[in-house]
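Read the structure below first, then the notes.
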Amino acid sequence: MKRMAYIVRQTAYTVFSFCFFLGMAVEMTLVGFVLLTLCGATDKNKLRYHRMLQRQARYVINRVPGTTFTTVNTSGETFEKPAMIVCNHQSHLDLMAVMMLTPKLIILTKDWVWRNPFYGIVIRYADFFPVSETEEMTQRINGMVQKGYSVVIFPEGTRSEDGRIQRFHRGAFYLAEQLSLDIVPVVIKGFSVVLPKKSFHLHPGKMSMEVMKRLLRSDSEQVPPYREMAKRLHKVYVEKINEK
């Protein structure tokens, strides 16, 4: 009986959350059309749109039914200077959490996310880019960096099924090297419990996001060549995830 009540409750939570998210996607699509298509995609309007996305993301991630969310930022990172933000990948909710960090943010996403029928238009209005076309879009990405925008990449490339850190692809670190960006590691935990990769239901749990100390491009000890950087940071993430 308790099991059935749990399933009914979590199903209701999931349906409510999906409907809320869908409504938000429709709203931001309409806002994007008015603000960026009709009024013009100026730098000012782009930033206004990104700020709206940040507020929406903060609202959603702090109100996932049956969960709690905490952010740790002991270094006081403000992202006033652009950086390559590297984050592990556990859930569909990861994107919303990372979007809370700063309005000046562009995210490299998988192709299916970029073309998603529910929120793909929002992704494109926000100048997020498909990771498969990174090389072709490097100049456009660099243009956004020059305007103060940081770049987010999930170096695992796909969501982890159990929260453990998977192999890091080197592309994120190569792009950071090409764009001369500092690296800010971001570690998320608990998202794979709340919304596992192969589950369509939300589950109760605690989610957290830790913003680690910025690694300065000017310091070769902190940021070695991209191949070594990928290996070194992978080890750091494994240790972080295994912390109790």
Side-chain angles (χ1 to χ4, degrees), residues 28 31-32 35-36 40-62 69-89 93-109 122-129 131 134 137-155 171-189 207-224 226 229-230 232-233 236-237 240:
M28 292 309 299
V31 169
L35 190 62
L36 301 175
T42 63
D43 290 345
K44 183 178 179 180
N45 285 344
K46 283 283 186 183
L47 184 55
R48 287 177 63 189
Y49 191 71
H50 277 257
R51 283 176 174 156
M52 291 178 194
L53 285 175
Q54 183 190 30
R55 287 195 295 269
Q56 293 277 24
R58 183 182 295 118
Y59 184 89
V60 169
I61 210 71
N62 282 296
F69 176 77
T70 56
T71 302
V72 178
N73 185 3
T74 55
S75 65
E77 178 61 58
T78 63
F79 298 101
E80 289 184 11
K81 180 183 177 183
M84 175 65 73
I85 301 171
V86 175
C87 184
N88 58 312
H89 203 6
L93 295 170
D94 302 349
L95 199 67
M96 305 297 287
V98 174
M99 284 168 59
M100 295 170 56
L101 293 172
T102 172
K104 286 197 167 186
L105 198 69
I106 57 175
I107 301 175
L108 302 188
T109 71
V122 176
I123 294 292
R124 295 192 286 277
Y125 271 136
D127 279 332
F128 295 171
F129 299 100
V131 70
T134 300
M137 294 189 175
T138 297
Q139 284 190 329
R140 288 182 61 189
I141 294 170
N142 188 50
M144 297 297 288
V145 169
Q146 297 307 312
K147 294 174 182 178
Y149 283 76
S150 292
V151 182
V152 175
I153 290 186
F154 299 95
F173 308 98
Y174 175 75
L175 182 61
E177 188 173 283
Q178 293 298 299
L179 299 178
S180 298
L181 289 170
D182 297 340
I183 294 177
V184 177
V186 172
V187 181
I188 59 172
K189 294 182 181 181
M207 300 181 291
S208 67
M209 177 170 63
E210 179 179 358
V211 181
M212 299 174 66
K213 185 178 179 181
R214 177 183 288 251
L215 305 175
L216 302 175
R217 174 65 51 186
S218 58
D219 188 335
S220 59
E221 287 297 316
Q222 288 189 5
V223 184
Y226 73 93
M229 188 74 243
R232 183 182 299 184
L233 209 52
V236 170
Y237 273 75
K240 274 287 180 182

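All values derive from a computational prediction rather than experimental measurement. Hydrogens, waters and symmetry mates play no part in the numbers below; they use all other heavy atoms, side chains included.
- Of all heavy-atom pairs spanning Met28 and Gln56, the tightest one is SD-NE2, 4.0 Å.
- No side-chain heavy atom of Val223 sits less than 4.5 Å from a side-chain heavy atom of Asp182.
- No donor-acceptor distance shorter than 3.5 angstrom exists from the side chain of Tyr49 to the backbone of Val31, with no hydrogens or angles considered.
- Distance alone, capped at 3.5 Å, places no donor-acceptor pair between the Arg214 side chain and the Val184 backbone.
- Here CE of Met84 is found 6.0 Å from CG of Leu179. Values are rounded to the nearest 0.5 Å.
- The aromatic rings of Tyr226 and Tyr174 lie perpendicular to each other, with more than 60° between the two planes, well past the 30° mark.
- Listed here is the closest heavy atom pair of Ala83 and Ser150: N-OG, 3.0 Å.
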CA sep, side-chain torsions, deciding dist, call: Met229, Leu215, side-chain contact (heavy atoms from CB on, under 4.5 Å):
CA-CA 11 Å; Met229 188 74 243; Leu215 305 175; 3.7 Å; yes
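- Rounding to the nearest 0.5 Å places NZ of Lys44 at 10.5 Å from CG of Leu35.
- Between Ile106 atom CD1 and Lys147 atom NZ the span is 10.5 Å, to the nearest 0.5 Å.
- Counting heavy atoms from C-beta outward, Asp127 and Arg140 have side chains that approach closer than 4.5 Å.
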Begin from the C-alpha positions of Phe128 and Val152 and carry the test side-chain contact (heavy atoms from CB on, under 4.5 Å) through to its verdict.
CA-CA 9 Å; Phe128 295 171; Val152 175; over 6 Å; no
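- By the 4.5 Å heavy-atom criterion applied to side chains, Pro185 and Val236 are not counted as neighbours.
- Panel note: side chain His50, backbone Ala126; a donor-acceptor pair is recorded below 3.5 Å.
- Counting non-hydrogen atoms of neighbouring residues, nucleotides and ligands closer than 6.0 angstrom, the CD atom of Gln146 exceeds 12 such neighbours.
- The two residues Ile153 and Ala172 make their nearest non-hydrogen contact at CG2-CB, 3.4 Å.
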Give the intermediate values and the outcome of side-chain contact (heavy atoms from CB on, under 4.5 Å) for residues Arg217 and Glu177.
CA-CA 8 Å; Arg217 174 65 51 186; Glu177 188 173 283; 4.0 Å; yes
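- Thr74 has its side chain out of reach of Lys213: every pair of non-hydrogen atoms, C-beta onward, lies at least 4.5 Å apart.
- Interatomic distance, Ile85 CD1 to Glu77 CD, rounded to the nearest 0.5 Å: 7.5 Å.
- Of all heavy-atom pairs between Gln54 and Met99, the closest is CG-O, 3.5 Å.
- In this structure, Phe79 places its CZ atom where more than 12 heavy-atom neighbours from other residues, nucleotides or ligands lie under 6.0 Å away.
- Residues Phe69 and Ile188 have side chains not in contact (no heavy-atom distance under 4.5 Å, counting atoms from C-beta outward).
- At least one donor-acceptor pair under 3.5 Å links the side chain of Thr42 to the backbone N or O of Asn45.
- When all heavy atoms of His89 and Asp94 are compared, the closest pair comes out as ND1-OD2, 2.7 Å.
- Annotation: the span from Arg51 atom CZ to Lys104 atom NZ amounts to 8.0 Å, rounded to 0.5 Å.
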side-chain contact (heavy atoms from CB on, under 4.5 Å) evaluation trace for Met209 with Leu101
CA-CA 10 Å; Met209 177 170 63; Leu101 293 172; 3.7 Å; yes
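- Counting heavy atoms of neighbouring residues, nucleotides and ligands inside a 6.0 Å radius, atom CZ of Arg48 does not exceed 12 of them.
- Taking 4.5 Å as the limit, some side-chain heavy atom of Ile141 sits within range of a side-chain heavy atom of Leu108.
- Ile107 has its side chain out of reach of Ile123: every pair of non-hydrogen atoms, C-beta onward, lies at least 4.5 Å apart.
- In this structure, Leu47 and Tyr149 have side chains that are in contact, with non-hydrogen atoms separated by less than 4.5 Å.
- Note that CD1 of Ile61 is 4.5 Å distant from CE of Met207, once rounded to the nearest 0.5 Å.
- Minimum heavy-atom separation, Phe154 to Asn88: CD2-O, 3.6 Å.
- Within the 3.5 Å criterion, the main-chain N or O of Tyr125 finds a donor-acceptor partner in the side chain of Lys46.
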